[in-house]
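Working notes, beginning with the structure itself.
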Amino acid sequence: MRTQVAIIGAGPSGLLLGQLLYKAGIDNIIIERQGAQYVLGRIRAGVLEQVAVDLLDECGVGARMHREGLVHEGIELLFKGSRHRIDMHDLTGGKNVTVYGQTEVTHDLMDARKAEGLTTVYDVGDSVTLHDFDSANPRVRYVKDGLAHEIECDFIAGCDGYHGVSRASAPSSALRTYEKVYPFGWLGVLADVPPVSHELIYANTERGFALCSMRSHTRSRYYVQVPLTDHVEQWTDDAFWSELKLRLDPQARESLVTGPSIEKSIAPLRSFVAEPMRFGRLFLAGDAAHIVPPTGAKGLNLAATDVKYLSSALIEHYKDKSSAGIDHYSEKCLRRVWKAERFSWWFTSLMHKFPDTGEFGQKVQEAELDYLVGSRAASTALAENYVGLPL
Ligand code: APR
Ligand code: PHB
């Protein structure tokens with residue numbers, strides 16, 4: 001088999017890249033460890049910056065997002081028992097975010113790929129191996145249904161997430177990684193109940209962080225900070241709703257509608273960056289290269305920008321015979337990645353209770369939040385990072 005770009009991983013990064021390349025007339029094949037239903041079963045943050053919205057439009061899959069996505073012009077910060085609105089629209093000169101689940105984004109991209117008849121090889125397990133990406137003729141091998149296959153290609157795009165084979169295939173002497181693991185997790189519940197507020201609420205409380213988010217007017221996504229030692233089986237729906245209520249302001253507590261969970265899981269929080277993001281003809285994109293803690297929902301947006309830069313670089317290579325985009329890919333991505341890492345780390349640090357926070361730390365967090373909501377300069381800094389820094 002031969003293709004121009006072999007893409008490893010059918011998450012949002014791989015699917016978006018495949019679609020952008022296809023639209024530019026560049027042939028590609030996606031190879032995915034799991035089945036499509038498994039990929040769609042993963043529940044992740046769903047706040048899209050304009051750059052992600054524009055990319056979905058560019059590859060022709062934006063229609064449902066525009067129909068069903070919720071445009072949010074602000075967020076609420078809850079601390080010391082009161083909510084304070086950050087008017088992102090006003091503070092950023094008219095920018096906003098679109099709340100649309102990552103599952104839906106993945107769904108729309110999968111449907112488009114299927115409709116165009118593009119090849120996605122699912123269920124290859126851990127069989128993928130990458131070869132000769134330091135030469136002009138890289139190859140990808142995998143086993144499907146007991147049969148060994150080889151793809152010859154010009155480039156390999158490693159879009160296979162944090163646990164993928166792509167980053168692991170890079171020469172260790174050329175790879176540098178940076179990591180911070182947080183001493184708590186997020187217990188998340190998805191439920192078919194109307195959201196408690198029409199905007200997202202990020203709460204700092206003495207009991208720990210909480211987040212009220214949503215997928216639609218009838219489906220809510222809530223989180224509470226929990227110790228890493230907690231197991232999801234310990235948390236009944238009732239226990240979850242009680243704990244969430246304790247972390248809300250009186251009005252939200254009163255109006256919160258509870259119901260049976262349709263998904264419940266605990267996710268650890270991590271900051272991680274791998275440098276560089278290119279090794280010869282192998283490129284890393286999305287979670288394969290970097291992870292952010294979910295506070296601020298930057299993960300998917302960073303993946304979208306990587307893919308934007310990578311698709312432009314490859315288009316430039318094929319159309320203009322120029323290697324400038326390819327040569328600058330890693331540096332260009334990492335500049336943006338580190339700014340989002342900084343923001344996600346800061347927002348996480350400000351909103352969560354750490355083992356050493358103590359009474360002093362809690363007071364300092366509250367003072368910073370008070371400053372943040374009272375100062376236009378500080379609010380603007382939050383707002384412009386939240387809606388997404390310019391490309
Ligand atoms: N071979 C083939 N596919 C693999 C392999 C492998 N060895 N390892 C992992 N994969 C697949 C995974 O099964 C998954 O479907 O690669 C895909 C990677 O998808 P994601 O983890 O969703 O990563 P990405 O597409 O970069 O999306 C980034 O996801 O984690 C969120 O917050 C993050 O929103 C961001 C987005
Ligand atoms: C979510 O809806 O899952 C979500 C929203 C915002 C975040 C994190 C997660 O900051």
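Numbering starts at 1 and runs along the sequence shown. Both counts, for ligands and for their atoms, begin at 1 and track the order of listing.
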Nearest heavy atom to [atom]: which of [options] does it belong to?
| atom | options | result |
| --- | --- | --- |
| atom 27 (O) of ligand 1 | Gly158, Pro12, Ala288, Ala289 | Pro12 |
| atom 18 (C) of ligand 1 | Gly286, Pro294, Cys159, Gly35 | Cys159 |
| atom 15 (O) of ligand 1 | Arg42, Arg33, Gln34 | Arg42 |
| atom 12 (C) of ligand 1 | Gln102, Glu32, Arg167 | Glu32 |

Polar contact flag for [X] and ligand 2 (N/O pairs, less than 3.5 Å):
| X | answer |
| --- | --- |
| Trp186 | no |
| Tyr202 | yes |
| Arg215 | yes |
| Tyr223 | yes |
| Pro294 | yes |
| Gly296 | yes |

Check whether NZ of the Lys or CZ of the Arg [X] lies under 6.0 Å from the centre of the six-membered ring of [Y] and within 45 degrees of that ring's axis.
| X | Y | answer |
| --- | --- | --- |
| Arg281 | Phe133 | no |
| Arg167 | Tyr162 | yes |
| Lys180 | Tyr178 | no |
| Lys245 | Phe240 | no |

Do the rings of Phe209 and Trp186 sit parallel, tilted or perpendicular, given the 30° and 60° boundaries?
parallel
Using a heavy-atom cut-off of under 4.0 Å, does the side chain or the backbone of Ala45 touch ligand 2, or both, or neither?
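The part of Ala45 near ligand 2 is both the backbone and the side chain.
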